[in-house]
Amino acid sequence: MTSKLKIVLPLAALLAATSLAAPVQADTLANMERERALLIETMLDGGMTPAERHVRLESGQRRLLDLERMVLRDDKLTGRNTPQVLRAFANYDLTFLVHASAEKNRTMADTWLAQLGLSTQSVMSAKRGRR
Amino acid sequence: MNAKRYLLAGPCLALALAMMAPGLATAKGGDVPNWQPVASEKLIKLPANYLKKSLDHDFARSALSAAIQDTDGEIGLKGQTLEDLRGAIEQAEGELAVELRHQFLAQKREYINLMKRKADLRQRHMETKQRTLERLLKKLSQEKGAMTPVRVQLVAQQQQARERFQGSLAKVDLSVLAVSAVPESKYAQEYATNMGAVEQLVAAIRQHPMNAQGEMAGGPATKGDFIRQMLADTQAAVAILEQEQNILGYMAKLVALDAMALSEQVMDGQLTDSDIPVTASPAAAVKYFVN
């Protein structure tokens, strides 16, 4: 009986440890993408006053900062080659908007537009015309 | 006189053993207890040094292990019987000695049968273990093989992203959190608190003796190395088992020869006591014709 316990107990402990280590299911990437989409929507919303936009962007930025960190620290995403994850890590500046903007001392809107290939210069030099 | 019994039993015993001897290595019982380990994901995830213990523990609980232990016990008892009979034969004489020699041969045959049964069971154990280890090795290599070029690229990108994030962490904190009027989030606060605890635990795990990586001659061993080593050990055990079965074959042949010798010895004695007249040659009858 004792010899059985000697083997069973460590095995049980080990298996319990591995099962305890199983993370809670939470799709960090989807949450981050949703928050980022809302933030971009706020950036582009023409029906908002600049002050209102500023307040909203600031609180949204803090939330997105945390969510970006959750994604970057999420081990479950390592090597998970789904289209969503592949796309997210293909462009750091576009995905991790808050971090990339703070790193370059730019606003989120600037970083986002730059990643889409839109700059003040390119907008100013654009001409109206028919395609 | 039981001589006729020996005349029949001796060659029969010899024949039975002689037939058994060449087939020892391949003979298998129809209703043999089993051991069915599963090369599960959990088994693959276990640390290398626990893998062997887990397999051994699983085997110890199986019907096959119980059967081997039972057979071992029977072999021990049978060995004792053989020892007793050998002592009795040395002291016995005449018909009792022949009877005891016959018993001795019969017990030897049973002993060999038990040894053969044990060898078969052990062979089954080794073959099952070998198959399980091969499956584990295959699964392990499949996991490694799943690293497609796309996945390799993704992992590299994720690594770069994390490095970039770690590198810019302080700067981001300064530029976002210092300027912002919003207080630090609950996540950021609790993450920092928990991180200290996590680091302490990780350090304790790293230093734990049971977490030490398996060592093999030539340096630390990976899980694959460890399984391959276990596989080689199992194959060596199978080879030794085959050699042991050859030994059993020789033992069986020797018992068969002993049985034939006993049979002949009894037959010779019976012929000596027989009333049948010895066929005389004409030369022996010459005295009746010469006056």
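Chain naming here is simple, since letters A, B, ... match the order of the sequence lines and numbering starts at 1 in each.
- Residues forming a side-chain hydrogen bond (donor to acceptor under 3.5 Å, both in side chains) with A:Gln121 (at least two apart in sequence, or on another chain): none.
- Of the listed residues (A:Leu77, A:Thr78, A:Val98, A:Asn81), the greatest number of heavy-atom pairs within a distance under 4.5 Å of chain B belongs to A:Thr78.
- Within the 4.5 angstrom heavy-atom criterion, only side-chain atoms of A:Leu65, from C-beta onward, approach chain B.
- Among B:Ser168, B:Ala156, B:Ala161, the residue with the largest count of heavy-atom pairs under 4.5 Å with chain A is B:Ala161.
- Scanning residues 103-111 of chain A against chain B with a 4.5 Å heavy-atom cutoff picks out A:Glu103, A:Lys104, A:Asn105, ordered by number.
- When the side-chain hydrogen bond (donor to acceptor under 3.5 Å, both in side chains) test is applied to A:Trp112, no partner is found at least two apart in sequence or on another chain.
- Listed for the A:Ser122 side chain is no donor-acceptor partner under 3.5 Å among the backbone atoms of A:Leu118.
- With sequence neighbours left out, the salt bridge (Lys or Arg N to Asp or Glu O under 4.0 Å) criterion links A:Arg73 to no other residue.
- A salt bridge links A:Arg69 to B:Asp173: one of the charged nitrogens lies within less than 4.0 Å of a carboxylate oxygen.
- In terms of heavy-atom pairs under 4.5 Å with chain A, the best-connected choice from B:Gln153, B:Gln157, B:Arg164 is B:Arg164.
- The existence of a salt bridge linking B:Asp225 and B:Arg228 is confirmed by a sub-4.0 Å separation between a basic side-chain nitrogen and an acidic carboxylate oxygen.
- When the shell of 6.0 Å around NZ of B:Lys78 is examined, it contains more than 12 heavy atoms from other residues, nucleotides or ligands.
- Within a 6.0 Å sphere centred on NZ of B:Lys171, heavy atoms belonging to other residues, nucleotides or ligands number more than 12.
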